[in-house]
Amino acid sequence: MRVPLDWLREYAEVPDGTTGTQVAADLVRVGLEEEGLHGGDVQGPLVVGRVLEMTPEEQKNGKTINWCQVDVGAANGTGEPQGIVCGAHNFAAGDLVVVILPGGVLPGNFQISARKTYGHVSAGMICSSLELGLGSDHDGIIVLTDWLGARAEGLQPGQDAIPLLGLDRETVEVNVTPDRGYCFSLRGIAREYSHSTGAAYRDPALVRVVDGQERELTAPAATPDGFPVELQDEAPLDGAVGCDRFVTRIVRGLDPQAQTPAWMATRLTEAGMRPISLAVDVSNYVMLAVGQPTHAYDLAKVTGPIVVRRARPGEKLTTLDDVERTLDPEDLLITDGGETVLGLAGVMGGASSEVSESTTDVLIEAAHFDPRTVARTSRRHRLSSEASKRFERGVDPELAPQAAQLMVELMVELGGGAADPAVTDAGQVSQPEPITFDPSMPTRYVGVDYTVDRVRELLETIGCTVTAGADGILTVTPPTWRPDLLTGPDLVEEVARIDGYDKIPSVLPTAPGGRGLTHAQRVRRTVAAALAGQGLDEVLTYPFVGDSRFDDLGLAADDQRRHAVRLANPLSDEAPLMRTELLQTLPDALRRNLGRGAKDVALFEIDTVTHPDLARKAPVPGVGVKPDDAVLEEIRAAVPHQPLHVALVAAGHSERAGWWGPGRTTDVTDMVGWAHAICDAVGVVVERLQTEREPFHPGRCVELALADGTTVGWAGELHPKVVKALGVPERTVAAELDLDVLIAASDRRAQGAPLSNHPPAGSDIALTVPRSVSFGDVQESVRAGAGDLLESVQLFDVYRGDQIGEDQQSLAFHLLFRAPDRTLTTEEVNTARDAAVARAATDHGAVQR
Amino acid sequence: MPRRRPGTRSRQPFRRGDAGRLRLGRVSGPNTNYDPVEVSALDPAVIEENVTDALAAITAAASLEELKAARIAHAGEKSPLALANREIGALPPSAKAEAGKRVGQARGQVNQALATRQTELEAERDERILVEEAMDLTVRPDRRPFGHRHPLTLTAERMADVMVGMGWEIAEGPGVEAEWFNFDALNFDKDHPARQMQDTFFVDPADAGIVLRTHTSPGQARSLLERGAPLYVAVPGKTFRTDELDATHTPVFHQMEGLAVDEGLTMAHLRGTLDRLASELFGEGLKTRLRPAYFPFTEPSAEMDFQCFVCRGLPTAAPCRTCGGTGWIEWGGCGMVNHNVLRACGVDPERYQGFAFGMGVERSLMFRNHLADMREIIEGDVRFNAQFGMEI
């Protein structure tokens, strides 16, 4: 909401000299946040100038500039013409223009000085409306006879142009929260300003100031001959009828040529609305002044009666924005005689009954519509208007006759017509419900000691009627313009707000003492720290993907991972799905880093992924009531499973070359090692199963699994096709693990065992096995065969070559034995070693070399 | 003691270098008829001469190798003094003592000198090796790249830690959330403008009742339903709005929600909690400011600002660039939990009162660590992380 200060002053006694900044600060205190300040930021000298000569000069860059001599009167101190370079061409010698002289400042703190340009010293600037912050038109400079019309007569060169153009006027823009619909008006803003500062307030719905004199705004009572209006509603929403008040007034004999006066046009413009025609402008002016949307119909085009009713299924309406809309039975309509649809109630009018250039008699509507009905219609048709914005937030139901009266008076005064004595005031508005209010509640909620008297005073300040019962409990009836005040806490906020939030003390509450971070939270931190310690960088990528990414990753058509949660309104149609694995988006970060010149990049991301469920819908049972357990369970069950994952991707070097020696390219062993580092970090032992899985190289991928077979994840090298499709370097390696599995597996108290102080004894064996046997399987057999004395086994060499069969491989293991209670004898070690070899022989046909 | 196998003994060739020149007078053979005085090896002058030669050789030894040669020549088994010593046995008992003493002293003197020189030369060698082994380490050997945590997750963890320090617990909730938890449970009526202002991502079909959570506030409802009152819980997490990415907006961002429900909690407690959090994150003694606002899930509601940690609202020569000269930095929203939220979660609003707050983690990071562009937080450029340590 834009608040022109000049307009605000009409309704609130703003002290002289108060700046926009000060008013904004005053409004913030009562909850109207500053969104911006407009105007007041041009510093002179800004004067009227008359162009005496203009000489077009073509420049090397193909542009033509005008070298002008401009009469600025005595404003430049010499009275001599001012030489100014101007790039615009929409003026001629003799025109009156706006000139800023050296020393002046334009909006944006743009300091003007005499400067050399295009071979001349340009001593100032001829201004456009854009440069002055008066509009967005930069097609040319302001020619005052066009800009001011008749007001340009009699202007003299050198005259101060700041007040002339209203540049001394300030407008404060504030954000109005959804509960304060009444603040979408100067009436509401001025009232809040008064609450904040104590300034005297004049309610524009009750009083007008005309020629400096206050005059009561008195709406006449309804007459039997008022324009016929029928309010119908066979299907009220939640028991609220669509329209509970409909006031009509008629003004006849308007001069169709009558213009909107400059003062009103200025106010509308400053408030952010474009002046259009007198009838429309007066309607908008009344809405901005008091907050009541009104509508003016061409009386000649309405036969009557006005029937307000819900739409019929399939009914259509072309709205003022030239869109034909199919209506919904919940939409509330204003109709002529029940058949011709004049408009969507509270949202937008139709084209048929619009006021035109030939209209002389107008029918004025000021109505009160159900907020929910208007909100739904506005949402359904994606049609938000100044009217709907106000109605869906709640308009003062007592306002309609007053607003209609204000509109009538202005139409008569400005359009030369006469008010018709016939007045309609149909419908029955409900009065605000009194709230039973314990006056100790504000103190209990806010922690400030408010006396009962203070509570009453503050509530009365905002317009409530307060009565006290014998038990001290108050009965508080909110004012009609505060439909948001419904409960005790609503009143508490008013007490605290008007008394001042800055009076609330700071008291640290004593929580009962928590259990610290959960195991899952600690695992997440530990894994992240471990990976960073291993040389990987944590990144965050957006979770949105498209089907094409699944193709890039080589996922088969029936791969579960293609089955993803889809967004109804994605930011990009290219990425409407929620990723089912982190590796679907993490490579983007790798590519970005490489694209920016990084060479050795190792990244990880920890986040949830989304597994869609079986197209279940979640009930949405509404506010303020706890759903029963079955419904709650249904809601919870419909939320997709979102396990926590960690994914890694790396390319380049894991050890760099440099003055210290050679480096080493990151390869799949690094990645499998990092995957293990994650498990080691949380003390979970995993097994490895050579496997094939997209997006990995079919021969370079390992599945990590718990002892019970539960999959933890996969690590490997990306498939060459995937590398190509993703545009990442060859041999890029990656891994993805389910952290939830590791969290569950590590959620136990690890048990320590005493360490043996006896010396270890080593023994090496070389086993020849067919190449089809995996290293891991041989190692497992060796481990199993070696028995309890085996402390560790390490595969330290692999030989494939001439000395053994073509399909054979020789695996050299180093076995380390240790007993807890004694030094092992050579015989014991040899026996265990032989058992290991024997087991490998049995399991895999291994032959010791 | 392991027995040394034959053949493994060191076979240092006996060298006759300068230092090992034999001064043997006359080698005595087995002789039963000798005169000890005639045994020239035991002649004091000869011994004296041998000692002098030995000491000279030892002193002259410039390396451990040379010293070793000198040792063999002058103290080895075949050195003159060793041979002289051997002759003693043949002497008549009357002469043994004196000769023994003389030879013993001489050998002692030589051994002493050897030991001293050995120590000196070893020290020299050790010193030389250190010099030879010196490396220039003035250029960082970044052989292994060092990784980093992301500053945003570190900030969220720091915020969570402050809450844990106050005795709160940390909870999580799903990013893809039931519409009821995201809105209705929090008193966002289906037709209320506030619900439309959230720029919500809806899961297809749009009536599925599932959204991407627009705030971490559903964590309030989930925690209350699961654990009931009293409750002190903070919920950091990822949130979504249909904003295009620019310097100050991102469709995916992070918040931390705080919820305390207990008997007798007031807005003063809310403020006390926020003051502590601001203090811990942005600077000791920083205060927060509450401004009246509106949120469906709180009543009374407030916007919260924290005091600018650069200017603290004190007058400055030029307008403070951190807060724009206002002295305050917007942080988030807060208030007393709306009765409808408590009711929706099965908590009796007549018995329990609560406060809640929520703030952006990105915003906290940007102000705390002086970042101007939100895009850097989400782009995943490792240079961004590298500006920060693992504890920011």
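Only this structure's heavy atoms are used, side chains among them; waters, hydrogens and symmetry mates stay out. The chains referred to below are lettered A, B, ... by the order of the sequence lines, with proteins before strands, and numbering in each begins at 1.
Using a 4.5 Å cut-off between heavy atoms, A/R592 contacts chain B through its side chain alone, with no backbone atom that close. Interface remark: B/D189 contributes backbone and side-chain atoms alike to the contact with chain A (heavy atom separation under 4.5 Å). Heavy atoms closer than 4.5 Å to chain B are found nowhere in A/L586, neither backbone nor side chain. In this structure, chain B has a heavy atom under 4.5 Å from the side chain of A/W659, while its backbone stays farther away. Of the two parts of B/E379, the backbone and the side chain both hold a non-hydrogen atom closer than 4.5 Å to a non-hydrogen atom of chain A. In this structure, chain B has a heavy atom under 4.5 Å from the side chain of A/T610, while its backbone stays farther away. No part of B/L186 comes within reach of chain A, as not one of its non-hydrogen atoms sits under 4.5 angstrom from that chain. At a 4.5 Å heavy-atom cutoff, A/S572 makes no contact with chain B through either its backbone or its side chain. Proximity to chain A involves both the backbone and the side chain of B/V382, based on heavy atoms less than 4.5 angstrom apart. With a 4.5 angstrom heavy-atom cutoff, B/R144 touches chain A via backbone and side-chain atoms both. If you measure heavy-atom distances from B/S301 to chain A, the contacts under 4.5 Å come from both the backbone and the side chain. B/F202 touches chain A through backbone and side chain together, each having a heavy atom under 4.5 Å away. Contacts between B/T250 and chain A at a heavy-atom distance below 4.5 Å involve backbone atoms as well as side-chain atoms. For a residue to count as touching a neighbouring chain, one of its non-hydrogen atoms must lie under 4.5 Å from one of that chain's; by this rule A/V565 touches chain B with the side chain only. The parts of A/E655 that come within reach of chain B are both its backbone and its side chain, each placing non-hydrogen atoms under 4.5 angstrom from that chain. Proximity to chain A (any heavy atom under 4.5 Å) is restricted, for B/L152, to the side chain, taken from C-beta onward. Contacts of B/E177 with chain A are made by both backbone and side-chain atoms, with heavy-atom separations under 4.5 Å. For a residue to count as touching a neighbouring chain, one of its non-hydrogen atoms must lie under 4.5 Å from one of that chain's; by this rule B/P230 does not touch chain A. Within the 4.5 angstrom heavy-atom criterion, only backbone atoms of B/A171 (N, CA, C, O) approach chain A. If you measure heavy-atom distances from A/P643 to chain B, you find no contacts under 4.5 Å at all. At a 4.5 Å heavy-atom cutoff, the contact between B/M336 and chain A is made by side-chain atoms alone. Neither the backbone nor the side chain of A/P371 comes within less than 4.5 Å of any heavy atom in chain B. For A/D588, no part sits under 4.5 Å from any heavy atom of chain B, backbone or side chain. Looking at B/H148, the atoms closer than 4.5 Å to chain A (heavy atoms on both sides) sit in the backbone and in the side chain alike.
When B/G167, B/A268, B/P174, B/G264 are compared by the number of non-hydrogen pairs under 4.5 Å with chain A, B/A268 comes out ahead. When each of B/A206, B/A178, B/G380, B/P141 is scored by its heavy-atom pairs under 4.5 Å with chain A, the top score falls to B/P141. Chain B forms the most heavy-atom pairs under 4.5 Å with one residue out of A/A602, A/A528, A/G622, and that residue is A/G622. Top candidate by heavy-atom pairs under 4.5 Å with chain B, chosen from A/P570, A/P576, A/G488, A/P627, is A/P627. For the options A/V623, A/L491, A/V30, A/V539, heavy-atom pairs under 4.5 Å to chain B are most numerous at A/V623. Counting heavy-atom pairs under 4.5 Å between each of B/G209, B/P300, B/G147, B/P292 and chain A puts B/P292 at the top. In terms of heavy-atom pairs under 4.5 Å with chain A, the best-connected choice from B/T288, B/V341, B/D136, B/T153 is B/T153. Among the candidates A/R524, A/R497, A/E605, A/H653, the residue making the largest number of heavy-atom pairs closer than 4.5 Å to chain B is A/R497. Considering only heavy-atom pairs separated by less than 4.5 Å from chain B, the leading option among A/N569, A/V620, A/L536, A/D484 is A/N569. Of the listed residues (A/D537, A/V28, A/L32), the one with the most heavy-atom contacts under 4.5 Å to chain B is A/D537. Note on B/K190, B/M135, B/E179, B/Q353: by heavy-atom pairs under 4.5 Å with chain A, the leading option is B/Q353.
The pair A/E493-A/R180 meets the salt-bridge criterion, with a side-chain N (NZ, NE, NH1 or NH2) lying under 4.0 Å from an Asp/Glu carboxylate O. Here A/D670 pairs with A/R664 in a salt bridge; the nearest charged N to carboxylate O distance falls below 4.0 Å. Looking at A/D502 and B/R289, no side-chain N of the basic residue comes within less than 4.0 Å of a carboxylate O on the acidic one, giving no salt bridge. Under a 4.0 Å N-O distance rule, the pair B/R195/B/D184 qualifies as a salt bridge. Between A/D370 and A/R372, no side-chain nitrogen of the basic residue sits less than 4.0 Å from a carboxylate oxygen of the acidic one, so the salt-bridge criterion is not met. Salt bridge A/E392/A/R376: absent, no basic N to carboxylate O contact under 4.0 Å. Ion pairing between B/D191 and A/R379 holds under the 4.0 Å rule for side-chain N and carboxylate O. By the 4.0 Å N-to-carboxylate-O rule, B/E376 lies too far from A/R596 to be salt-bridged with it. Using a 4.0 Å cut-off between charged nitrogen and carboxylate oxygen, B/E263 and A/R444 do not count as a salt-bridge pair.
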Side chain to side chain donor-acceptor pair (under 3.5 Å) between A/S506 and B/R271, intermediate numbers included: CA-CA 5 Å; A/S506 175; B/R271 186 167 201 171; 5.6 Å; no
Working for salt bridge (charged side-chain N to carboxylate O under 4.0 Å, His left out), residues B/D305 and B/R291: CA-CA 8 Å; B/D305 305 330; B/R291 287 180 283 117; 2.8 Å; yes
Evaluation steps, side chain to side chain donor-acceptor pair (under 3.5 Å), between A/H611 and A/Q642: CA-CA 6 Å; A/H611 293 170; A/Q642 293 161 68; over 6 Å; no
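Between A/F544 and B/F201, the ring center distance clears the sub-6.0 Å criterion. With ring centers used as reference points, B/H150 lies 6.0 Å or more from B/F388.
Side-chain contact annotation: B/E172 with A/Q521, donor-acceptor N/O pair under 3.5 Å present.
When atom types are taken as modelled, the side chain of B/N340 and the backbone of B/N187 share no donor-acceptor pair closer than 3.5 angstrom. Although no hydrogens or angles enter the test, the distance criterion places a donor-acceptor pair under 3.5 Å between the side chain of A/N593 and the main chain of A/A589.
You'll find the side chain of B/T273 reaches within 4.5 Å of the side chain of B/M163, heavy atoms only.
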